[in-house]
**Q** 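Would you mind keeping the following structure in view while I ask a few things?
Note on naming: letters A, B, ... go to the chains in the order of the sequence lines (proteins, then strands), and numbering restarts at 1 for each one.
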There are 2 protein chains.
Amino acid sequence: MPTSAERGRHVRARLLQAAAELVAEQGWNAVSTRMVAERAGVAPGLVHYHFASLPALLTEAAVQVMEGVVDGAAHGLSQARTAAQALELMLADLDRYPGDDPASRLVSEAMLASGRDEGLRTAMAGLLERFRARLGDRLAAQGVPDPRGTAAVLAAALDGMMLHRSLDPELTSTAVAPVLGRLLQDGTPGTAQEGHP
Amino acid sequence: MPTSAERGRHVRARLLQAAAELVAEQGWNAVSTRMVAERAGVAPGLVHYHFASLPALLTEAAVQVMEGVVDGAAHGLSQARTAAQALELMLADLDRYPGDDPASRLVSEAMLASGRDEGLRTAMAGLLERFRARLGDRLAAQGVPDPRGTAAVLAAALDGMMLHRSLDPELTSTAVAPVLGRLLQDGTPGTAQEGHP
DNA sequence: CCTGGGTTTGGGCAATCGCCCAAGGCGAAC
DNA sequence: GTTCGCCTTGGGCGATTGCCCAAACCCAGG
């Protein structure tokens with residue numbers, strides 16, 4: 001028999017999940033408290049009992065989902081034994097998040113909303129930094145030149161391709177794999193200029 | 001002395017510009033007809049005289065701005081004489097659109113809104129295709145391998161870095177230049193796998 | 001049985017929303 | 001001077017918004 005406090009925590013979790021779904025479907029600032037309550041199957045007033053405000057609910061919901069995405073990608077990455085394998089695993093993630101699925105949209109919506117919400121911005125910057133660090137460590141272990149800078153560019157490229165994919169479904173992982181493979185090669189002196197701080 | 005039709009066109013143009021500014025500042029679906037009218041300095045009712053609906057106004061405003069961005073970048077690109085120069089020009093554009101400026105935000109907002117607006121989606125897909133084609137032609141003329149695929153990845157990487165830059169200001173053009181430079185080198189057989197359709 | 005604290009309900013508040021429309025302003029054509 | 005057509009105004013419509021709150025509810029502890 002669950003105590004009332006436990007039932008309350010369950011309702012809170014359902015509100016968070018409903019909020020994450022709706023942000024992905026309707027857009028960050030098209031989500032209303034009543035929509036969230038309806039999808040969660042509770043009365044409208046409950047939203048402001050469990051959360052201080054609507055932005056606070058959306059921010060907590062987005063951060064929760066994105067932590068799962070980053071940790072999932074980083075965990076898969078830790079099993080790679082070569083640079084090519086790491087790239088292959090990252091592109092598998094690109095297929096898991098095609099750009100028009102709920103998780104991808106949630107991330108994109110949060111990225112834009114972070115420009116107007118300071119708390120969300122710092123939370124997301126922390127997540128990005130964590131992902132870069134793990135990816136950079138993996139690249140360094142494989143002897144990739146400038147692992148830290150390469151990780152930053154690679155992370156950005158993945159995010160960008162996620163966005164572009166919804167405009168061009170042919171931007172598949174097999175299409176971009178040979179191009180990105182060049183990123184992981186040794187730099188040929190003279191062609192690439194120096195200057196990374 | 002401007003005729004009334006000419007004054008009408010001028011008001012229409014002001015509404016478009018006000019809409020573009022507000023989408024960048026407040027987000028796609030946080031813009032209201034009354035906000036646009038106020039910034040344009042006209043009565044609220046005028047919005048629905050010049051435009052069929054609010055989404056129609058926002059879509060036309062966004063497409064207009066993005067055409068300018070793409071044409072500007074493509075035009076600058078056409079002056080490059082080497083692959084390294086082309087990369088340099090593209091990174092200069094990255095500095096022009098740091099990710100938290102009005103134009104960058106407008107593009108990002110439109111990219112997300114395109115998932116919920118069919119007309120906007122096709123318009124943006126056309127713009128992306130146009131930019132890729134020009135970039136691909138330029139890369140092909142410099143002997144870059146797989147110019148078409150490289151252009152697609154490069155365009156996505158630029159968009160992604162634009163987004164990441166607002167989370168990490170240190171992601172400057174000088175930081176990523178040496179990394180991206182490797183993309184333009186000849187592929188070393190054996191390291192990059194085949195498979196581009 | 002009763003009391004107390006956490007949870008839940010549903011309605012109320014003022015504000016804002018997209019869209020509409022009757023009415024007026026105003027230069028061009030006659 | 002009168003008529004015509006485009007442009008413009010400001011208010012009104014019903015619906016929806018975030019947030020609030022009095023009251024009911026539920027269950028464990030005394």
**Q** Using whole Å, report how far CG of B:Leu46 lies from P of C:dG18.
**A** 15 Å
**Q** Between A:Tyr49 and C:dT8, does any side-chain N or O lie under 4.0 Å from OP1 or OP2?
**A** no
**Q** Just N and O in the side chain of B:His48: are any of them under 4.0 Å from OP1 or OP2 of C:dC19?
**A** yes
**Q** D:dT16 C1' sits how many Å from A:Leu22 CG, rounded?
**A** 16 Å
**Q** Both B:Pro44 and A:Ala30 contact DNA chain D. Taking the nearest nucleotide for each, which residue is further toward the 5' end?
**A** B:Pro44
**Q** Quick one: on DNA chain C, does A:Val42 or A:Arg34 contact a more 5' nucleotide (nearest heavy atom)?
**A** A:Val42
**Q** Salt-bridge test for B:Arg116 and A:Glu109: reply yes if a basic N is under 4.0 Å from a carboxylate O, no otherwise.
**A** yes
**Q** With a 4.0 Å cutoff (strictly under), does any side-chain N or O of A:His50 reach OP1 or OP2 of C:dT8?
**A** yes
**Q** What nucleic acid atoms does B:Leu54 come within less than 4.0 Å of, heavy atoms only: base, sugar-phosphate, or nothing?
**A** sugar-phosphate
**Q** Taking only N and O in the side chain of B:Ser32, is any of them less than 4.0 Å away from OP1 or OP2 of C:dT16?
**A** no
**Q** Do the non-hydrogen side-chain atoms of A:Arg134 and A:Asp71 ever get within less than 4.5 Å of each other?
**A** yes
**Q** Students often get this wrong, so: under 4.0 angstrom with heavy atoms, is B:Val36 touching a base, only sugar-phosphate, or nothing?
**A** nothing
**Q** To the nearest Å, give me how far apart CE (B:Met35) and C1' (C:dG18) are.
**A** 14 Å
**Q** Hey, are A:Arg165 and A:Asp95 close enough for a salt bridge, meaning a charged N less than 4.0 Å from a carboxylate O?
**A** yes
**Q** How many Å lie between CZ on A:Arg7 and P on D:dC25, as a whole number?
**A** 14 Å
**Q** Roughly how many Å is it from CZ in A:Arg12 to P in C:dG6, rounded to a whole number?
**A** 16 Å
**Q** Nearest whole angstrom, please: distance from the P of D:dG18 to the CD of A:Glu38.
**A** 13 Å
**Q** Select base, sugar-phosphate, or nothing to describe what A:Val47 touches, counting heavy atoms under 4.0 Å on all strands.
**A** nothing
**Q** How many Å lie between CZ on A:Phe51 and C1' on C:dT7, as a whole number?
**A** 14 Å
**Q** Is the closest basic N to carboxylate O distance between B:Arg14 and B:Glu21 below 4.0 Å?
**A** no
**Q** Within the side chain of B:Arg132, is there an N or O that forms a donor-acceptor pair under 3.5 Å with the backbone of B:Ala151?
**A** no
